[in-house]
Amino acid sequence: MSVHETPSVRERRLAAELRVLRTAAQLHGKDVAAALGWSPSKVSRIETGRSGVSGADLERLVQLYGVPEQQAGLLRRLAPSARPRGWWDAYAETLSPGYANLIRMESGSRALRCYGALVPHALLQTPDFAREVILSTWARPSPTEVERRVQVCRRRQDVLDGDRPGGALQLSAVLDESVLRRCVVPGDPARDTAVRRGQLQRLAEVAARPGVRVQVLPFSAGLPPVTAGSFSVLDSLATATADVVYLENKTRIFFLDAEAEVHRYTQAFDLISEMALDPAQSLALIRRELAALPG
């Protein structure tokens with residue numbers, strides 16, 4: 001099992017691809033070092049994934065190995081340091097390394113499959129709902145911190161926009177029925193109703209978008225195959241295959257990238273999706289919950 005703060009599966013894939021390309025070009029590491037004015041140890045570090053490769057260095061390797069443009073494009077997408085800077089860089093001093101990596105990984109992904117056991121995935125949350133999630137902790141953050149985190153959550157949702165480079169992130173979300181029914185603001189019925197109404201409306205709106213699939217796992221379906229809680233599976237934009245699972249909680253984000261584990265979570269999601277109501281039935285249930293709210 002691989003659990004760590006910094007996801008490296010795509011960087012390892014890049015390292016392996018560069019090693020194969022060097023071998024195909026019939027070059028030794030020392031030949032590459034001599035041609036590019038590097039030390040042999042630098043070539044070794046890049047090919048073993050111990051160090052990243054800059055955009056400029058990647059382009060020199062691509063040229064040296066005579067890599068076709070289509071394959072070169074895949075390599076560029078695999079290399080985080082070779083990608084353009086993202087909006088999250090403006091928050092670098094305030095985001096944890098794990099959270100910054102999560103946002104970067106979502107940005108470089110083709111699809112996301114997620115199971116929400118207690119709350120909707122952050123990409124589905126309204127600002128008001130996200131605010132209540134942030135505040136539901138013993139360590140009350142400052143108002144400034146709360147609003148900064150709400151803003152980051154909203155910016156994460158830009159991956160669902162069709163004008164994103166590479167197209168909108170394909171989203172498949174299964175929500176436990178409890179997500180629709182849970183009280184959000186105890187002790188304040190009026191605000192609770194307002195927050196829940198906004199969130200249910202958001203779910204209904206997003207579910208109607210192309211490339212988005214929202215399902216509800218009803219209580220009657222029984223226990224889900226993953227009883228540890230929510231999880232998300234990302235498909236790489238470069239390879240179009242599932243390669244990272246992440247588990248997000250209040251204090252830390254765990255990334256799992258071992259192939260066997262990613263496969264198990266992918267299978268678990270497929271089973272949860274089969275157990276859940278289909279999208280039309282799910283939307284009908286969401287709308288019934290919306291209509292049942294007071295006022």
Under 4.5 Å between any side-chain heavy atoms of [X] and [Y], yes or no?
X      : Y      : answer
Val32  : Leu61  : yes
Trp88  : Val152 : no
Leu247 : Ile253 : no

Checking side-chain polar atoms at under 3.5 Å, does [X] have a donor or acceptor matched by the opposite partner on [Y]?
X      : Y      : value
Arg156 : Gln151 : no
Gln215 : Arg213 : yes
Tyr65  : Gln71  : no
Tyr99  : Glu248 : no
Ser178 : Asp176 : yes
Ser41  : Ser39  : yes

Query - Name of the residue among Arg22, Arg19, Lys42 meeting salt bridge (Lys or Arg N to Asp or Glu O under 4.0 Å) with Glu47 - result: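 The salt bridge (Lys or Arg N to Asp or Glu O under 4.0 Å) with Glu47 is passed solely by Arg22 among Arg22, Arg19, Lys42.
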Query - NZ/NE/NH1/NH2 to OD/OE distance under 4.0 Å, Glu205 and Arg209 - result: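 Result for this pair is yes, salt bridge flagged.
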Query - Pair Arg76 + Glu69, salt bridge at N-O below 4.0 Å - result: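 A salt bridge is present here (some side-chain N lies under 4.0 Å from a carboxylate O).
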Query raised in the report: So which heavy atom on Ala276 is nearest to which on Pro218, and how close?
Result: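 Heavy-atom minimum between the residues: CA-CD, 4.1 Å.
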Report task. Specify the closest pair of heavy atoms between Leu123 and Gln157, including all atoms of both residues, with the distance to one decimal. Result ->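 Heavy atoms only, the tightest pair is O-CG, 3.5 Å.
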Query - Donor-acceptor contact below 3.5 Å, side chain Arg113 vs main chain Ala173 - result: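 Side chain of Arg113 to backbone of Ala173: no pair is present.
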Query - Donor-acceptor contact below 3.5 Å, side chain Asp192 vs main chain Pro186 - result: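 Checked: no pair found.
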Query - From CD (Glu289) to CG (Leu180), nearest 0.5 Å - result: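 Output value for this atom pair is 6.0 Å.
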Report task. Take the angle between the ring planes of Tyr115 and Phe231 and call it parallel below 30°, perpendicular above 60°, tilted in between. Result ->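 Plane angle between 30° and 60°, so tilted.
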